[in-house]
A.B. asks: 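Below you will find the structure I want to go over with you.
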Amino acid sequence: NFAERSEEQVSGAKVIAQALKTQDVEYVFGIVGIPVTEIAIAAQQLGIKYIGMRNEQAACYAASAIGYLTGRPGVCLVVSGPGLIHALGGMANANVNCWPLLVIGGSPERNQETMGAFQEFPQVEACRLYTKFSARPSSIEAVPFVIEKAVRSSIYGRPGACYVDIPADFVNLQVNVSSIKDVERCMSPPISMAETSAVCTAASVIKNAKQPLLIIGKGAAYAHAEESIQKLVEQYKLPFLPTPMGKGVVPDNHPYCVGAARSRALQFADVIVLFGARLNWILHFGLPPRYQPDVKFIQVDICAEELGNNVKPAVTLLGDINAVTKQLLEELDKTPWQYPPESKWWKTLREKMKSNEAASKELASRESLPMNYYTVFYHVQEQLPRDCFVVSEGANTMDIGRTVLQNYLPRHRLDAGTFGTMGVGLGFAIAAAMVAKDRSPGQRVICVEGDSAFGFSGMEVETICRYNLPIILLVVNNNGIYQGFDTDTWKEMLKFQDAASVVPPMCLLPNSHYEQVMTAFGGKGYFVQTPEELQKSLRQSLADTAKPSLINIMIEPQATRKTQDFHWLTRSNM
Ligand code: ADP
Ligand code: MG
């Protein structure tokens, strides 16, 4: 059949790349190899950006951050078997965070299945636990449909991770162009609104509150609800508390932000409105003694199954946060009302904020060397550009940093998140830097890492240098996980004994020169021990808009947080 033979042909790789392009995929992160290299090349030829990383886990973290920042999934492209398995960490993290993500994994040729093929693994099955949707298209012709479904599933309802498996024989297959059906770009998620009666009830519960509190979660950030929530806060003069990644939906320096009195606000509020924040460990499950036993929760969430978890809510508002907040505004507007700014509740919160702020200022002003966390973060905060992305991970580094480093814009903080994942920092920073470059050139990314956290994906510094992303990495170095030892103690300890038998499990090599990881690839490296050195290196790094830098900040190896009212994570104090 001459007509058929002469018809234009297209490779499987191109069909896959075109399907991604049609779905508005802008960025692919991954590591190529058999059988996915051709897919990456085909994607670049269509104008999709391909960022080659050094470990699939970091690639997957980067792709997931794209989803959170842009509302359309980033793609993580990996090879079969171990490549895919390395990406599972990123998928789990995305799914637990409710962030859209699309992972595309190569797999062995279909005719070698179950034969012990190179890197063979039950990939679709393996991904099921980490995703909302995991599938292998039955043919190359089915690819555009399956990719559309995966993208749609990742952003509709509660966002999450999706997986599409691509057998090796698809990639180089030549098929007739006419056999590939066009599939349209999937629409943005439909907006759902809460029941009118529930909105009325919620408004009256809020108006009758004596000690109200709004909690702003990363769901609100993802939903782009900043304008409506800020209006709600200001119009009714309501105190609000952001969760770690909810920071910036309403600026941290807003007069109604009670972040500095977090424990107090949670403990004594009588009505709490949750905007896209789950009552999980981050919010102490919504239970006493961290909350009043009879606190009324008003839960706003897009996921019906979330409503009622751990606590029976007074009102549930199922729907999109932005739409529901507008409904609430409209309902509250019907009768003139605002929460009295001179209430006892405001007084309690303000007093607590003042004393907490004074306590951390006191710690920050200490002049002893090595520096403590507070001193470091106060100096960093002084120079941080207001519009920068702050990426952060590490135990104390992240927790203390969060209280000092301010966010003024929504979706500008990325951290270990709901899953408490260490190793996300560099991948997130790379994603944020790509987004900044394309959408708001000049905007900086500051990645604040503990020395242990940095180790999980330190080789991505090469990726940062290869793509010339002007990220500023701060490694807050205490020689260990939680805490470490100084050089003298270290030497003393190893005098007569073998390291593996005596070095405490949390210790890392003291005085490590992490900044040399950056200089190895052509970026700028600084080793700093004093506030003056820190200020100077930070000034230089910010002034250099073309180059990445790493500032290795030596701190007191035994430094900790200031005394807390409640111990973190202990069961008796839930
Ligand atoms: P945080 O860690 O900030 O407390 P969580 O990840 O626990 O936040 O909660 C985010 C919540 O936001 C999830 O329950 C998710 O279902 C919800 N969510 C995500 N997008 C939307 C949206 N557009 N509208 C409403 N809720 C959303
Ligand atoms: Mg450390």
Side-chain angles (χ1 to χ4, degrees), residues 67-68 71 93-100 132 154-160 188-194 215-225 228-229 241-249 274-286 299-310 316-325 373 393-400 402 410-411 413-420 422 448-456 475-485 506-510 512 514 552-560:
Y68 176 63
N93 189 67
N95 222 36
V96 171
N97 269 348
C98 313
W99 288 1
K132 296 174 75 180
S154 78
I155 57 179
Y156 279 33
R158 169 180 270 175
S188 300
I191 304 290
S192 50
M193 294 208 282
I215 295 182
I216 305 175
K218 64 177 172 298
Y222 180 77
H224 287 246
S228 52
I229 291 185
L241 176 74
T243 67
M245 280 194 260
K247 271 159 69 77
V249 169
L274 291 167
F275 291 100
R278 286 168 283 182
L279 290 176
N280 55 20
W281 65 278
I282 290 185
L283 288 174
H284 320 288
F285 312 103
Q299 231 178 331
V300 186
D301 207 290
I302 205 163
C303 174
E305 289 86 339
E306 185 58 41
L307 305 171
N309 275 344
N310 300 332
T316 57
L317 300 172
L318 177 63
D320 173 70
I321 294 169
N322 193 32
V324 171
T325 308
Y373 284 105
E393 60 174 336
N396 283 325
T397 299
M398 181 174 73
D399 289 340
I400 300 170
R402 182 177 53 238
R411 299 169 296 282
R413 180 185 169 85
L414 297 161
D415 66 23
T418 311
F419 210 28
M422 296 300 149
V448 188
E449 299 273 307
D451 53 332
S452 160
F454 174 70
F456 286 87
V475 176
V476 182
N477 190 350
N478 66 349
N479 305 335
I481 306 169
Y482 303 112
Q483 293 184 340
F485 284 154
M506 63 271 261
C507 280
L508 297 170
L509 190 69
S512 289
Y514 294 110
N552 183 12
I553 308 164
M554 300 311 296
I555 63 162
E556 164 59 48
Q558 303 281 317
T560 53

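Order of appearance sets the numbers: ligands from 1, and atoms from 1 within every ligand.
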A.B. asks: Which pair of non-hydrogen atoms, one from Ile155 and one from Gly71, has the smallest distance, and what is that distance?
C.D. replies: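 Distance-wise, the nearest heavy atoms are CG2-O, 3.3 Å.
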A.B. asks: Under 4.0 Å from a heavy atom of Cys303: which atoms of ligand 1 are those, numbered in the order shown and with their elements?
C.D. replies: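 It comes down to these atoms of ligand 1: 16 (O).
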A.B. asks: May I ask you to identify the nearest protein heavy atom to atom 5 (P) of ligand 1, giving residue, atom name and distance to one decimal place in Å?
C.D. replies: Arg278 NE, 3.4 Å
A.B. asks: For ligand 1, indicate whether the residue Lys218 contacts it via side chain, backbone, both or neither (heavy-atom separation under 4.0 Å).
C.D. replies: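 It is both parts that get close, each with some atom under 4.0 Å.
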A.B. asks: Please check this pair: side chain of Asn95 against backbone of Gly160, looking for a donor-acceptor N/O pair closer than 3.5 Å.
C.D. replies: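 The answer is no, because no donor-acceptor pair under 3.5 Å joins these two groups.
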A.B. asks: Under 2.8 Å from the Mg ion (ligand 2), is there an N/O/S atom belonging to Gly484?
C.D. replies: no
A.B. asks: Quick one: which ligand 1 atoms are inside 4.0 Å of a heavy atom on Tyr222?
C.D. replies: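 In order of numbering, the contacting atoms are 20 (N).
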A.B. asks: Is there a donor-acceptor pair under 3.5 Å between the side chain of Gln558 and the backbone N or O of Gly484?
C.D. replies: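 Flag set: sc Gln558 to bb Gly484 pair under 3.5 Å.
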A.B. asks: Report the name of the N/O/S atom of Asp451 located nearest to the Mg ion (ligand 2).
C.D. replies: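 Looking only at N, O and S atoms of Asp451, the one nearest the Mg ion (ligand 2) is named OD1.
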A.B. asks: To check you understand the geometry: which heavy-atom pair defines the closest contact between Ala223 and Asp320, and what is its length?
C.D. replies: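 Closest approach of Ala223 to Asp320: CB-OD1, 3.9 Å.
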A.B. asks: Which word best sums up how the rings of Trp99 and Tyr68 line up, parallel for under 30°, tilted for 30 to 60°, or perpendicular for over 60°?
C.D. replies: parallel
A.B. asks: Using a 4.0 Å cutoff against the non-hydrogen atoms of Gly217, which atoms of ligand 1 qualify?
C.D. replies: 3 (O)
A.B. asks: Are any N, O or S atoms from Asn478 nearer to the Mg ion (ligand 2) than 2.8 Å?
C.D. replies: yes
A.B. asks: Under a 4.0 angstrom heavy-atom cut-off, which atoms of ligand 1 come close to Gly319?
C.D. replies: 24 (N), 25 (C)
A.B. asks: With atom 9 (O) of ligand 1 as the reference point, say which of Ala225, Pro189, Gly276 has the nearest heavy atom.
C.D. replies: Gly276
A.B. asks: Would you confirm whether Lys247, through its side chain, and Arg402, through its main-chain N or O, come within 3.5 Å as a donor-acceptor pair?
C.D. replies: yes
A.B. asks: If I compare all heavy atoms of Gln299 with all of Gly308, which pair ends up nearest, and what's the gap?
C.D. replies: OE1-N, 3.0 Å
A.B. asks: How does Asp320 reach ligand 1, by side chain, by backbone, by both or by neither, if only non-hydrogen atoms under 4.0 Å count?
C.D. replies: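 It is both backbone and side chain that touch ligand 1.
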A.B. asks: Can you find an N or O of Arg158 that's nearer than 3.5 Å to an N or O of ligand 1?
C.D. replies: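 Min N/O separation from ligand 1 is below 3.5 Å for Arg158.
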A.B. asks: Pick one: which of Val300, Leu274, Leu318 meets side-chain contact (heavy atoms from CB on, under 4.5 Å) with Leu307?
C.D. replies: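 Of all the options given, the one that passes is Leu318.
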A.B. asks: Any Lys/Arg nitrogen of Glu305 or Arg158 sitting under 4.0 Å from an Asp/Glu carboxylate oxygen of the other?
C.D. replies: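 Salt bridge between Glu305 and Arg158, a charged N being under 4.0 Å from a carboxylate O: no.
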A.B. asks: Heavy atoms only: give me the nearest Pro100-Ser154 pair and the separation to one decimal.
C.D. replies: CB-O, 3.3 Å
A.B. asks: What atoms of ligand 1 come within less than 4.0 Å of a heavy atom belonging to Thr418?
C.D. replies: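 That gives atoms 2 (O), 6 (O) of ligand 1.
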A.B. asks: Donor-acceptor pair, Thr397 side chain versus Gly394 backbone, under 3.5 Å?
C.D. replies: no
A.B. asks: Where the closest heavy atom to atom 15 (C) of ligand 1 is concerned, which of Ile321, Leu317, Asp301 has it?
C.D. replies: Asp301
A.B. asks: May I ask you to identify the nearest protein heavy atom to atom 3 (O) of ligand 1, giving residue, atom name and distance to one decimal place in Å?
C.D. replies: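 Ranking protein heavy atoms by distance from atom 3 (O) of ligand 1, first comes Thr243 OG1, 2.5 Å.
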A.B. asks: Is it the case that ligand 1 has an N or O less than 3.5 angstrom from some N or O of Ile302?
C.D. replies: yes
A.B. asks: Which is closest to atom 19 (C) of ligand 1 by heavy-atom distance: Ala304, Ala223, Gly160, Gly219?
C.D. replies: Gly219
